[in-house]
Amino acid sequence: MQEGCDKFCTFCVVPYTRGGEWSRPVETILAEARDLAAKGVREITLLGQNVNAYAGEGGLAGLARKLAKIEGLDRIRYTTSHPADMGDDLIAAHAELPQLMPYLHLPVQAGSDKILKAMNRAHTAESYLRLVEKIRAARPDIAMAGDFIVGFPGERDADFEATLQLVREVGYAGAFSFKYSRRPGTPASALPGQVADEVKEERLARLNALLDEQQRAFNASQAGKVLPVLFERPGRHPGQLSGRSPYLQAVHVDGPDRLIGQIVPVRIEAGSKMSLAGVLEMETA
Ligand code: SF4
């Protein structure tokens, strides 16, 4: 529903390959969503390279409010967001709309202001942390996910430590982390201070160890809770079902195929890094 990007992060090809930001009109999206809901779809994910820059009438918050009124559409997600476009209205929508799922992919890329500036990210580590605070005040159970680049040109040990510190302060439920790699034609590819590959490897391993630990802890903390799970397909083992929690975790339970497409309460028994295991809280008719 949104394509392209005007942000020009210095490492990224999207503004060149996909062009400037473009948004589908609200009515077209609503018509498609109504049609999907009438066919039994319970969850939709609004996609865009910079989805929260959605420029249809009322912005992404306005669209979410309209989508939330569609009968049968119980879950709304959106991805991927830029911190600079996470406005107060969208944050307020997270507090207002139970349909807006409590999982937010909000890339930060780095925790050092020097590197964020060189990346042209248009935010600082501190402004990102304050933003996360605001979002959590609106929706206290929100699970945060992030994107990280290690070994951006000019990244020194202290800059990388600042990334680890930011990760510790936020506490992520999920993340995507990469070694910086030069994309021809992007400003960062021509920057001095390119980081040696073995240094990037070592930093990525340290970052991933921390992110994995946070993800495992977040999933383990769900044990004992009853979560609504939208079942999507049969699981890998006979008699097993696989679905998603509100926090986008994969959930596996034993249960009948007729529950596929339904949102059903599940008592979570255990959480590992990649998924949750549970039992059906009650059989639905
Ligand atoms: S990283 Fe995201 S926000 Fe930055 S230029 Fe690429 S698509 Fe745009």
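Both ligands and their constituent atoms are indexed starting at 1 by order of listing.
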All pairs passing side-chain hydrogen bond (donor to acceptor under 3.5 Å, both in side chains) where residues 54-71 contributes a residue, at least two apart:
Arg65-Asp89, Arg65-Glu96

Sequence neighbours excluded, which residues qualify as ring-ring contact (aromatic ring centres under 6.0 Å, His included) partners of His252?
none

Determine the minimum heavy-atom distance between Ala162 and Gly111, stating which atoms define it.
CB-O, 3.4 Å

Considering only NZ, NE, NH1 and NH2 on the basic side and carboxylate oxygens on the acidic side, decide whether Arg203 and Glu155 come within less than 4.0 Å.
yes

Counting from 1 in the order shown, the ligand 1 atoms closer than 4.0 Å to a non-hydrogen atom of His82 are 3 (S)

If I compare all heavy atoms of Val51 with all of Leu46, which pair ends up nearest, and what's the gap?
CG2-O, 3.7 Å

Listing request: all ring pair (Phe, Tyr, Trp, His ring centres under 6.0 Å) pairs with a residue in residues 199-243, at least two apart in sequence or in separate chains.
Phe218-Tyr247

Sort by chain and number the protein N/O/S atoms found under 2.8 Å from atom 6 (Fe) of ligand 1.
Cys12 SG

